[in-house]
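One structure is given below, encoded as structure tokens.
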Amino acid sequence: MDLCEYLNLTPEVADALATGKPVVALESTIISHGMPYPENVQTALEVERIVRENGAVPATVAIIGGRLRAGLAPEEIDYLGKRGREVAKVSRRDLPVIVARGEDGATTVAATMIIAAHAGIEVFATGGLGGVHRGAEKTMDISADLEELAATPVLVVCAGAKAILDLGLTLEYLETKGVPVLGYGTDELPAFYSRESGFGVDCRVDAPAEVARIFRTKRRLGLAGGMLVGNPIPEEYAMDKAAIDAAIDAAIAEADAQGIHGKDTTPFLLAKVAEITGGDSLASNIRLVYNNVALGARVAAELAKL
Ligand code: PSU
Ligand code: MN
């Protein structure tokens with residue numbers, strides 16, 4: 001028995017995969033732990049609409065009642081969004097526990113990649129990636145997302161990573177693990193709320209077809225693992241770097257003071273930054289996700305031709 005025995009696809013996703021139509025996986029931790037209700041549910045539903053508008057079938061990934069799912073009904077998205085942080089945040093190590101107990105889980109980038117790969121979905125779009133946390137030389141807090149990119153053949157489109165992480169160390173880790181990091185229309189890894197980070201990517205790409213060709217070539221070469229595409233937030237929604245950096249510094253200080261650690265760190269920091277910046281960071285966050293899923297759908301459409 002393998003993981004597929006535990007997996008349910010919606011008829012629409014199953015049909016798209018069987019007939020070679022483009023499909024884009026979407027994660028659910030961003031719904032339950034990454035944004036407040038009701039914006040999280042509105043965003044998740046709008047994201048599915050944008051994927052369709054750009055020519056692909058959306059497959060929101062989660063665990064419901066112990067079943068791995070690719071493709072959710074709107075009521076299930078609403079359920080995960082309403083329960084928010086009461087839903088278990090599920091990364092690779094949490095999968096067996098939640099499945100064995102028949103519980104619900106919101107999947108991180110890592111767990112979404114695992115489920116997408118088993119379903120046969122090659123493209124996954126989200127907001128931000130987990131990575132090497134600032135101070136990781138002491139805490140060893142390095143997201144399992146990075147190991148998953150090293151191991152699992154899924155292309156991840158994101159807006160880079162928030163400065164709650166050490167972006168330089170995150171890129172070093174990905175380099176060590178042999179994960180290609182592409183910049184979409186940029187030479188730099190985007191810093192989530194802002195377009196620039198000062199850290200260079202491996203290669204700049206300027207068209208969805210180019211991204212698709214590189215990913216397909218990676219797989220044909222027999223190289224294990226995934227690939228990362230950093231897609232900068234549209235200029236008009238980018239935030240002032242000084243303001244967002246100050247909010248992030250304050251959030252990290254608060255997390256340290258409260259002794260937040262382990263899987264709680266990222267959700268805590270995300271919520272704190274949103275609180276400190278008022279609605280501003282949430283509005284930017286939503287816009288960059290829309291931008292990423294549109295690109296993901298266009299890349300998936302190109303990949304389907306190769
Ligand atoms: N970064 C964001 N928004 C998010 C996350 C990260 O800007 O919602 C979520 C993603 O699901 C990611 C997870 O996979 O947090 C990483 O958590 P950890 O650092 O505990 O691996
Ligand atoms: Mn961590």
Side-chain angles (χ1 to χ4, degrees), residues 1-34 41 44-45 47-48 51-52 56-81 83 87-126 129-130 143-145 147-158 215 219 224-227 263 293 296-297 299-301 303-304:
M1 202 136 103
D2 85 336
L3 196 143
C4 289
E5 302 285 331
Y6 296 90
L7 176 65
N8 288 111
L9 309 178
T10 54
E12 185 193 21
V13 171
D15 174 71
L17 291 168
T19 55
K21 291 199 195 86
V23 179
V24 175
L26 303 159
E27 63 154 306
S28 43
T29 292
I30 189 175
I31 304 173
S32 59
H33 294 68
V41 171
L45 297 174
V47 153
E48 293 205 339
V51 169
R52 290 181 202 284
V57 171
T60 300
V61 170
I63 305 167
I64 308 274
R67 298 295 300 175
L68 309 179
R69 301 281 305 276
L72 295 181
E75 308 79 62
E76 292 170 321
I77 289 177
D78 190 66
Y79 166 77
L80 291 174
R83 286 195 59 208
V87 181
K89 173 184 160 188
V90 177
S91 195
R92 172 178 273 271
R93 64 115 194 241
D94 310 292
L95 274 170
V97 177
I98 299 300
V99 170
R101 292 183 169 165
E103 292 175 4
D104 301 325
T107 51
T108 63
V109 169
T112 303
M113 288 178 74
I114 294 170
I115 294 168
H118 274 271
I121 303 170
E122 292 188 291
V123 179
F124 162 27
T126 185
L129 182 75
S143 174
D145 291 353
E147 286 294 323
E148 211 56 56
L149 275 163
T152 301
V154 173
L155 172 77
V156 180
V157 180
C158 70
F215 184 68
R219 296 209 63 185
M227 206 168 96
K263 69 193 286 188
V293 301
V299 171
L303 257 181

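It should be emphasised that the depicted structure is a prediction, and the values quoted were computed from it without experimental measurement.
- Using modelled atom types and a 3.5 Å distance limit, the side chains of N8 and R67 yield a donor-acceptor pair.
- Scanning all heavy atoms of the two residues, the minimum distance from L303 to F215 falls at CD1-CD2, 3.8 Å.
- Taken from OG1 in T29 to NZ in K263, the straight-line distance is 8.5 Å, to the nearest 0.5 Å.
- Distance alone, capped at 3.5 Å, places no donor-acceptor pair between the S91 side chain and the A144 backbone.
- Note: I114 CD1 to L7 CG = 12.5 Å, rounded to the nearest 0.5 Å.
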Notebook entry, point to check: Does the side-chain contact (heavy atoms from CB on, under 4.5 Å) test come out yes or no for V87 and Y79, once each step is laid out?
Noted result: CA-CA 10 Å; V87 181; Y79 166 77; 5.7 Å; no
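- Distance OG1/T10 to CG/L72: 8.5 Å, rounded to 0.5 Å.
- If you take CD1 on I63 and CZ on R101, they are separated by 13.0 Å, rounding to the nearest 0.5 Å.
- Taking each heavy atom of V154 and A116 in turn, the nearest pair found is CG2-CB, 4.4 Å.
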Check: Hey, mind stepping through K89 and T108 against side-chain contact (heavy atoms from CB on, under 4.5 Å) and telling me if it holds?
Finding: CA-CA 7 Å; K89 173 184 160 188; T108 63; 3.8 Å; yes
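- Atom CD of E12 and atom NZ of K21 lie 9.0 Å apart (nearest 0.5 Å).
- In terms of heavy atoms, V23 sits closest to A16 at CG2-CB, 3.6 Å.
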Next item on the list: Mind running side-chain contact (heavy atoms from CB on, under 4.5 Å) on I115 and T107 for me, showing each step along the way?
Entry: CA-CA 9 Å; I115 294 168; T107 51; 3.9 Å; yes
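- No salt bridge links R93 with E147; every basic N to acidic carboxylate O contact stays at or beyond 4.0 Å.
- Counting heavy atoms from C-beta outward, D145 and M113 have side chains that stay 4.5 Å or more apart.
- Considering every non-hydrogen atom in both V99 and Y6, the closest pair reads CG1-CD2, 3.6 Å.
- The nearest pair of heavy atoms linking R92 to P96 is O-CD, 3.8 Å.
- Here the closest non-hydrogen pair linking I121 and A25 is CG2-N, 3.7 Å.
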Item checked: side-chain contact (heavy atoms from CB on, under 4.5 Å) assessment of E27 paired with T126 -> CA-CA 7 Å; E27 63 154 306; T126 185; 2.5 Å; yes
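- Separating the CZ atom in R83 from the CG atom in D78 is a distance of 12.5 Å, to the nearest 0.5 Å.
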